[in-house]
Amino acid sequence: MDAIMRDVRWLGFDWGAHLYHASDYFDQLYEWAIQLIKAGRAYVDDLTADEMRETRGTLTQPGSESPCRNRSVEENLDLFERMRRGEFPDGTKTLRAKIDMAAGNVNLRDPVMYRIRKTGHQRTGDKWCLYPMYDWAHGQSDSIERVTHSLCTLEYEDHRPLYDWYLDALGIYHPRQIEFARLNLSHTVMSKRKLLTLVEEGAVSGWDDPRMPTLAGLRRRGYTPESVRDFCERVGIAKADNLVDVALLEHCLREDLNKRALRRMAVLRPLKLVVENYPEGQVEALEAVNNPEDPSAGTRQVPFSRVLYIEQDDFREVPPPKYFRLSPGVEVRLRWAYLVKCTGVAKDPRTGEITEVRCTYDPESRGADSRGRKVKGTIHWVSAAHAADAEVRLYEHLFSVPKPDEAEDPKSVLNPTSLEVLRASKLELSLKDAAPESRFQFERQGYFVADSKNSSPGRLVFNRTVGLRDTWAKIEKA
RNA sequence: UGGGGCGUGGCCAAGCGGUAAGGCGCGGGACUUUGGAUCCCGUAUUCGGGGGUUCGAAUCCUCCCGCCCCAACCA
């Protein structure tokens, strides 16, 4: 209950003084039950659960009436009172509405209103050993609360006739129940049962794992409540079964974060870059814009020096067609800094692995493109001597297919790369004291959030909320 | 003839008798010190299918097809 309230608040809603519990109405419900008994519209039944199932009939055959169905009002009143006093064991008696055992709608075949449960209740303690069924509590609670429209999902359409029947039989204020389709998201599962399985089998770390479609999961992943609300508004609400593409959720997220997230430079998979003609030991502070979408976000200083880290993906010894990043002989812009031209690489003599890239810079090219020289690419970097170390968790969709619900075995379509952990990332120094849950855009890569549970200024852990749109990835694939 | 509901482009979704909104996605272009953002342009002769009514139908009638939900002393 606390978790629900916390999540609802996070989403941006507040019920004010209107926090209601059906248990607040137990006394009223009990009195109404007596009213129905007196009206000959409810009776105490001795049938066991099994017997009740057997006499309910099937979807195509009517059920049969219980032998207890025609007890006198006096006997029913007496029995019901004794049920309340705890004279009978669990499961031995129920109170049923007398409706129609031959109804096409199974919910109307004398539904159970009360069953005996000698257990305590989180709010009413041990006051009751009789508890109302959902259908018997729902409409009446709405009525007490003077709800005008009671919204719920499609499964309850079959329950509406019962909802209406109780209200009419009691002759009380009659709210209107309206059903809508639930929202289904692609590349994940939404049912509580299936999510529980993921948690229990260890496919995820818990209900708040950043890959879970729960509010707690979305929050930990770095989603903003505003983007979730915007998403819901755009999806709309209707009665047709649906499967909304998770790409729409991600679009809403990017749109929101693009306006608000401060930009930072972070090298996820570091590759050393040595600027050969930059003076050894020299350090200069370069000005960088915090958010080009929001001038009021201001600027910051980032340290530049001779040895830097760049992204492994931003260098290719043999560049493929349309590759705009660094490669031997090619010049690129170091974001917020200088134009730099690759002069060669150093390799591990044994493995042949590239250990560092070398280049020269043009001292006149600082900041703006002063010489009018056009360069194809701009890459991000971090000064090696001024970097903050961090663990970065790269998340993707939990399932690799749009409809895991349709898979024979959901486990077989789990995305094996839904989480990749990078333990040696290098971040711009200004990220050193990032507070848990603070969000940033790591330029050219995506939006990231400092993990709420595992990150601290001393040991940074960032979760990738969502990547930036990646046109290059599409070109490279083609 | 158990009962209830739904079918509009790849995914959502307006429209409810006057001649198919919008968003996402996708394709193309402009611009760009994020291959980001932004900005243009394109993307259903047709509304599950057949008949019918009408000057005119996605919208009305009718038959058919398909999909979803219901037989807890769960919610």
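Computed over heavy atoms, backbone and side chain alike; hydrogens, waters and symmetry mates excluded. Residue numbers start from 1 in every chain, and the chains themselves are labelled A, B, ... in the order their sequence lines are given, proteins ahead of strands.
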Participant: What does nucleotides 22-28 of chain B look like as a protein-contact string, B for base, S for sugar-phosphate only, - for none, at under 4.0 angstrom between heavy atoms?
Facilitator: -SS-S--
Participant: What pairs with A:R269 under salt bridge (Lys or Arg N to Asp or Glu O under 4.0 Å), at least two apart in sequence or on another chain?
Facilitator: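 Here the qualifying residues are A:E420.
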Participant: For B:rC11 versus B:rG17, give the span between their C1' atoms, rounded off to a whole number of Å.
Facilitator: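 Going atom to atom, C1' in each nucleotide, I get 30 Å.
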Participant: Examine the side chains of A:H159 and A:D135 and answer whether a donor and an acceptor come within less than 3.5 Å of each other.
Facilitator: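 A:D135 and A:H159 do have a side-chain donor-acceptor pair below 3.5 Å.
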Participant: For RNA chain B, please output the secondary structure as dot-bracket, reading 5' to 3'. Pairs are Watson-Crick or G-U wobble, both atom distances under 3.5 Å; mark crossing pairs with [ ], other-strand partners with |, unpaired with a dot.
Facilitator: .(((((((.[[[..)..(...]]]((((((.......))))))....[[[[[..)....]]]]])))))).....
Participant: Is there a side-chain contact between A:R264 and the phosphate of B:rU34, meaning an N or O under 4.0 Å from OP1 or OP2?
Facilitator: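 A:R264 to B:rU34 OP1/OP2: no side-chain N or O under 4.0 Å.
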Participant: Donor-acceptor check, side chain of A:E311 to backbone of A:H380, threshold 3.5 angstrom: yes or no?
Facilitator: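 Not confirmed, A:E311 side chain does not pair with A:H380 backbone.
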Participant: Charged N to carboxylate O under 4.0 angstrom, A:R325 versus A:E476?
Facilitator: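 The answer is no: the pair does not qualify as a salt bridge.
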Participant: To the nearest Å, how far apart are A:I310 CD1 and B:rG35 P?
Facilitator: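 One finds 14 Å between P of B:rG35 and CD1 of A:I310, rounded.
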Participant: Have a look at A:Y131 and say if it touches a base, only the backbone sugar-phosphate, or nothing, with a 4.0 Å heavy-atom cut-off.
Facilitator: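 A:Y131: no heavy atom of the nucleic acid under 4.0 Å.
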Participant: Could you work out, with side chain to side chain donor-acceptor pair (under 3.5 Å) as the rule, every residue matching A:Y338, not counting sequence neighbours?
Facilitator: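 A:Y338 satisfies side chain to side chain donor-acceptor pair (under 3.5 Å) with A:E284 only.
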Participant: For A:A450, check side chain to side chain contact (heavy atoms under 4.5 Å, CB included) against everything at least two apart and list the hits.
Facilitator: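 Expected list: A:S438, A:S455, A:F462.
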Participant: Would you please name every residue forming a side chain to side chain donor-acceptor pair (under 3.5 Å) with A:R115, sequence neighbours left out?
Facilitator: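 A:R115 satisfies side chain to side chain donor-acceptor pair (under 3.5 Å) with no residue once adjacent residues are dropped.
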Participant: Which residues pass the salt bridge (Lys or Arg N to Asp or Glu O under 4.0 Å) test with A:R439, sequence neighbours left out?
Facilitator: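 Per chain and number, A:R439 pairs via salt bridge (Lys or Arg N to Asp or Glu O under 4.0 Å) with no residue.
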Participant: Mind checking salt bridge (Lys or Arg N to Asp or Glu O under 4.0 Å) for A:R211 and listing every partner two or more places apart, or none if nothing turns up?
Facilitator: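 Here the qualifying residues are A:D209.
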Participant: If the C1' atom of B:rG15 is compared with that of B:rG28, how far apart are they to the nearest Å?
Facilitator: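 Their C1' atoms lie roughly 30 Å apart.
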Participant: Can you check the distance between B:rU59 and B:rG29, where both ends of the measurement are the P atom (answer in whole Å)?
Facilitator: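 That atom pair is separated by 40 Å.
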Participant: Residues of residues 157-167 of chain A with any non-hydrogen atom less than 4.0 angstrom from an atom of RNA chain B: list those, numerically ordered, please.
Facilitator: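 Output list: A:E157, A:D158, A:H159.
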Participant: With 3.5 Å as the limit, what N/O pairs link the protein to nucleotides 64-67 of chain B?
Facilitator:
none

Participant: Going by the rule salt bridge (Lys or Arg N to Asp or Glu O under 4.0 Å), which residues pair with A:D100 if we only count those two or more places apart in sequence or in a different chain?
Facilitator: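 With sequence neighbours excluded, A:D100 shows a salt bridge (Lys or Arg N to Asp or Glu O under 4.0 Å) to no residue whatsoever.
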Participant: Expected output is a numbered-order residue list: members of residues 311-331 of chain A with a heavy atom under 4.0 Å from any atom of RNA chain B. What is it?
Facilitator: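 The answer is A:K322, A:Y323, A:F324, A:R325.
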